[in-house]
Amino acid sequence: MRNTRATQSLFTLSKPGRRGALLPACDVPEQPLESLLPPSALADAPPPLAELAEPDVVRHFTNLSTLNMSVDTHFYPLGSCTMKYNSKRNERLVALPGMADLHPYQREETLQGMLRLLFEMQEMLGEIAGLPVVSLQPAAGAHGEMTALFVAAAYFRDLGQRRTKVLAPDSAHGTNPASAAMAGFDTLSVKSNPDGTVDLNDLSAKLDQDTAVFMITNPNTLGMFDGQIREIARRVHEVGALIYLDGANMNAILGITRPGDFGADMMHFNPHKTFSGPHGGGGPGAGPIAVTERLGGYLPAPLVARDAAGVYRLDYDRPKSIGRVRAFFGNVGVLVRAYCYIRTHGPDGLRRVSEEAVLNANYLLSQVKSFLPVPQGDRCMHEFIASATKVKGERGVSAMDIAKRLLDYGFHAPTVYFPPIVREAMMIEPTETESKETLDAFAEALRTIIEEPAELLHAAPHTTVISRPDEVKAARNPAVRWTDGVTKQ
Ligand SMILES: *Cc1c(COP(=O)(O)O)cnc(C)c1O
């Protein structure tokens, strides 16, 4: 049943004079506001706020929260985003008063526990990356990319080299060229082979003394590990450029291989993906970066250091640092959850996470490929791309239609139309936290959907409050006023 009440705004529910709390009668003489505040601090009229009782507000937000999909309510195979289940234990630990009530302006001697945790986090991420020097400051993966490119720019400036170009494969996430542009580089796209790996000839043709960085995602956005990575690194290093690894796909290789060992000079982690921080409309992420020893000096200051006496402190004495990219110590709440996740699993557990993520993806791939083509082959890492080109050609049913219809079956849609090099792409990433039963049910829903009447699919979803908003218009011209459960755009 549609929940129309939750689609009204608090302002439509407002009744003048309704209150959530009753204050006791004032037992001191009342003072006019004008006698207490200067005229500049007084408004002409009270703010036009909704007037409601507490149950109105609680029901409104509780009902609203049920209209969305989340990993706590639904299977969420959103490729590239690693929407694994977020353990509630990590939420409990990060909410402990010793964590949550710290203030970043406290003196360092009163922050020793947190500083130790952050120090150990730097060490652990350095170990997982195979790149020893780590900054926890960046606030998201994309921010990590940009920060690392600033680091690269500072490094080349220091060497007296003027390098203006950043290369990335045409399968790259949009944040790669965007970060390069924001860091002041020209970006060039390198072609992929039909199997999604880097076209080495095209790479070599574009690599020269002007190239600063080659950004690569490995496993790539097609869910394939590019086995040419050593050769790629050799060619990039030969012209004096650096390799940046987009670490969004670390969930496939934890404890199995390390970016530093296969040639990366810099990388970012997405703790909100790989290490199970809640994300997707659900709060901030983080984007710690790890770099080689020779780039370490350029990282944002401060890093967390431990002195000979075992005291933890913030090390600002980093003369080559690019400076701060984020207030305080970064998004500590996300980092603490990730710390709990890493410590809980331990090295062997992390490896099992990746092995099971890859197993689940391959199990689902083996089911899906019997009715939706998977152009890049029979095996994958932690995710794979199915293509709806066949049903599109035969019956006019697009990847978007299928994705929308999945909502009616109680599944979040996979990522669609990314990476752009696969037509009608549906990028499916089940993660390791899903059971065989869930994967079977999802495959069954997909199989059923692609045989449903095209008209039904074009109008899907049919069970949600809103069916198909104009996404561009919704972003550019958001409707904040609701009437009768119907949005006016
Ligand atoms: C998610 C993702 C990013 C960006 O990370 P954010 O934390 O969302 O900024 C970059 N590259 C790839 C491949 C991703 O999947």
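In listed order, ligands and their atoms are each counted from 1. Scope of the values below: all heavy atoms of this structure, side chains included, with no hydrogens, waters or symmetry mates.
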Protein contact to atom 5 (O) of ligand 1 [nearest heavy atom, distance to 0.1 Å]: Asn270 ND2, 2.9 Å
Ligand 1-proximal atoms of Ala248, by part, heavy-atom distance under 4.0 Å: side chain
OG-CZ distance between Ser398 and Arg423, expressed to the nearest 0.5 angstrom: 12.5 Å
Polar contact flag, side-chain donor to acceptor under 3.5 angstrom, Asn86-Ser276: no
Heteroatom distance test (Ala140, ligand 1): nitrogen or oxygen, under 3.5 angstrom: no
Which residue and heavy atom of the protein sit nearest atom 6 (P) of ligand 1, plus the separation: Gly141 N, 3.4 Å
Min N/O separation Ser80 to ligand 1 under 3.5 Å: yes
Qualifying residue for side chain to side chain contact (heavy atoms under 4.5 Å, CB included) with Asn251, from Glu383, Met381, Lys84: Lys84
Lys/Arg N to Asp/Glu carboxylate O, Asp440 vs Lys436, below 4.0 Å: yes
Heteroatom distance test (Ala142, ligand 1): nitrogen or oxygen, under 3.5 angstrom: yes
Non-hydrogen atom of His143 closer than 4.0 Å to ligand 1: no
Pair Tyr417-Glu424, side-chain donor/acceptor within less than 3.5 Å: yes
Salt bridge Arg476-Asp470, side-chain N to carboxylate O under 4.0 Å: no
Thr221, any N or O under 3.5 Å of ligand 1 N or O: no
Nearest non-hydrogen protein atom, atom 11 (N) of ligand 1: Asp246 OD2, 2.5 Å
Backbone or side-chain N or O of His268 under 3.5 Å from ligand 1 N or O: no
Any side-chain heavy-atom pair of Val213 and Asp265 under 4.5 Å: no
Which residue and heavy atom of the protein sit nearest atom 14 (C) of ligand 1, plus the separation: Lys273 NZ, 2.9 Å
Side-chain heavy-atom pair Asn201, Lys206 within 4.5 angstrom cut-off: no
